[in-house]
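The block underneath contains the structure these notes are about, expressed in structure tokens.
Please read these numbers as outputs of a predicted model, since none were measured by experiment.
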Amino acid sequence: SDKMLISKNDYQMLRNLEDFQYLSIDRFDQLMVAIRLRKAPKNHILFFKGDNRDKLFLLKSGYVKLEDTDSSGSFLYTDYVKHNTMFPYGGMFLEKIYDFSARAITDIEYFYIPVDLYESFVATNSAQIKILCQKLSRLLRLHEIRLRNVVTSRHQNIRRNLSCVCRVLFILSVELC
């Protein structure tokens, strides 16, 4: 039989995470045989945008920054992942490549599991799918709020700038008349 390469403590910690809690013991143990634990230094790149999306990651310790840039190098998307969080959720059951890069911003310890194995186990488990949908919904709500805040602050800046322009035009028109 295949052997697990993780400690009893890690096994228990992972079993208690909602990402795995509704998987049968048999399925969970199959994942635990496939899971790997690694350490990486600060600035280590876990994956680049465009790499094959073949692994899901779970931080045991440290922090990871998810980032996407445009062709000019400007950041389009930035997010942070803390320990005991699995990522990336985006692209689950959909994408074959990563949509952004992931870089350690501290020394990290992380697990990785084959994404196809996790997806196949979750796809046949309605309770686990519900947890995944709830996580994706929370993530979507968070990004909607962020987007609204960005749009609102840009809108306020535009209004402020227009107000300044109008004042300057008014002053100039008064001086000219």
Side-chain angles (χ1 to χ4, degrees), residues 5-7 9-23 28 31-32 34-119 121-123 128-157:
L5 300 173
I6 60 167
S7 70
N9 284 346
D10 285 341
Y11 179 93
Q12 271 314 122
M13 183 273 295
L14 291 165
R15 186 64 189 155
N16 290 327
L17 291 179
E18 61 181 356
D19 298 289
F20 306 110
Q21 75 183 64
Y22 291 111
L23 295 178
F28 180 73
L31 273 179
M32 293 305 102
I35 202 166
R36 296 293 175 265
L37 177 62
R38 297 283 183 268
K39 290 182 179 185
K42 181 180 178 177
N43 290 322
H44 175 78
I45 305 289
L46 291 168
F47 55 84
F48 287 101
K49 178 181 180 174
D51 283 354
N52 281 340
R53 190 179 167 281
D54 56 353
K55 295 180 186 81
L56 284 171
F57 297 85
L58 199 144
L59 274 186
K60 183 176 177 183
S61 65
Y63 291 86
V64 165
K65 182 179 183 182
L66 307 177
E67 51 196 13
D68 186 15
T69 56
D70 62 14
S71 55
S72 72
S74 299
F75 286 107
L76 298 176
Y77 171 79
T78 302
D79 204 357
Y80 297 90
V81 180
K82 62 183 196 293
H83 67 282
N84 285 357
T85 305
M86 193 158 76
F87 67 98
Y89 286 110
M92 199 79 78
F93 300 107
L94 185 68
E95 300 295 332
K96 294 293 177 220
I97 59 170
Y98 295 112
D99 286 332
F100 42 77
S101 300
R103 180 173 56 86
I105 55 172
T106 61
D107 290 349
I108 59 171
E109 204 172 358
Y110 65 95
F111 300 97
Y112 67 85
I113 54 175
V115 72
D116 52 358
L117 192 63
Y118 182 77
E119 286 179 353
F121 289 170
V122 168
Q128 201 62 62
I129 274 281
K130 185 177 177 186
I131 293 287
L132 183 60
C133 288
Q134 289 169 345
K135 284 187 168 241
L136 286 168
S137 292
R138 284 194 295 270
L139 205 54
L140 184 60
R141 186 171 59 217
L142 177 72
H143 288 303
E144 286 169 345
I145 291 166
R146 279 189 193 165
L147 186 60
R148 205 171 3 202
N149 290 343
V150 166
V151 170
T152 302
S153 73
R154 284 194 181 147
H155 182 70
Q156 286 168 345
N157 285 342

Does the ring centre of Phe28 sit less than 6.0 Å away from the ring centre of Tyr11?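 Close enough - the centres of the two rings lie under 6.0 Å apart.
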
Do [X] and [Y] touch side chain to side chain, with heavy atoms closer than 4.5 Å?
X	Y	value
Leu58	Thr85	no
Ile35	Leu5	no
Lys55	Tyr118	no
Met32	Ile6	yes
Gln12	Asn9	no
Leu132	Met92	yes
Leu17	Asn84	yes

Results of salt bridge (Lys or Arg N to Asp or Glu O under 4.0 Å) for Lys49 - residues two or more places apart only: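 Lys49 satisfies salt bridge (Lys or Arg N to Asp or Glu O under 4.0 Å) with Asp68 only.
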
Using the salt bridge (Lys or Arg N to Asp or Glu O under 4.0 Å) rule, take Lys60 and Asp10 through it: C-alpha gap first, then chi angles, then the decisive distance, then the call. CA-CA 9 Å; Lys60 183 176 177 183; Asp10 285 341; 2.9 Å; yes

Could you go through Phe57 and Phe87, starting from their C-alpha distance and side-chain angles, then the distance that decides it, and tell me whether this counts as ring pair (Phe, Tyr, Trp, His ring centres under 6.0 Å)? CA-CA 5 Å; Phe57 297 85; Phe87 67 98; 5.7 Å; yes

Would Phe20 and Leu31 satisfy side-chain contact (heavy atoms from CB on, under 4.5 Å), going step by step from the backbone distance to the final call? CA-CA 9 Å; Phe20 306 110; Leu31 273 179; 3.9 Å; yes

Considering all heavy atoms, the nearest Pro88-Leu56 contact: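 Looking at all heavy atoms of both residues, the closest pair is O-CD2, 3.4 Å.
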
Given the rule in the side-chain contact (heavy atoms from CB on, under 4.5 Å) test, do Lys135 and Met86 qualify, once you have shown the distances and angles that lead to the verdict? CA-CA 10 Å; Lys135 284 187 168 241; Met86 193 158 76; 5.9 Å; no

[X] side-chain N/O to [Y] backbone N/O, donor-acceptor pair under 3.5 Å:
X	Y	value
Gln128	Tyr22	yes
Asp51	Phe48	yes
Asp107	Pro41	no
Arg103	Leu46	no

Polar contact flag, side-chain donor to acceptor under 3.5 angstrom, Asp19-Tyr89: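 Distance-only check passes for Asp19 and Tyr89.
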
Residue among Ile108, Ile105, Ile45 satisfying side chain to side chain contact (heavy atoms under 4.5 Å, CB included) with Val64: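 For Val64, the side chain to side chain contact (heavy atoms under 4.5 Å, CB included) check succeeds only for Ile108.
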
Rounded distance (nearest 0.5 Å) linking atom [atom1] of [X] with atom [atom2] of [Y]:
X	Y	atom1	atom2	value
Thr106	His83	OG1	NE2	11.0 Å
Ser61	Lys82	OG	NZ	14.5 Å
Leu117	Phe121	CG	CZ	4.0 Å
Ser101	Lys65	OG	NZ	11.0 Å

Among Tyr98, Tyr112, Tyr110, which residue satisfies the ring-ring contact (aromatic ring centres under 6.0 Å, His included) criterion with Phe47?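 Output: one option passes, namely Tyr98.
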
Using side-chain contact (heavy atoms from CB on, under 4.5 Å), reason through Asn52 and Lys96 one step at a time and then give a plain yes or no. CA-CA 6 Å; Asn52 281 340; Lys96 294 293 177 220; 5.8 Å; no

So that I can tick it off, tell me whether Arg38 and Glu109 are bridged by a salt bridge, with the cut-off set at under 4.0 angstrom between side-chain N and carboxylate O.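 Salt bridge absent between Glu109 and Arg38.
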
Taking NZ, NE, NH1 and NH2 as the nitrogens, is one of them in Arg53 or Glu119 under 4.0 Å from a carboxylate oxygen of the other?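 A salt bridge links Arg53 with Glu119.
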
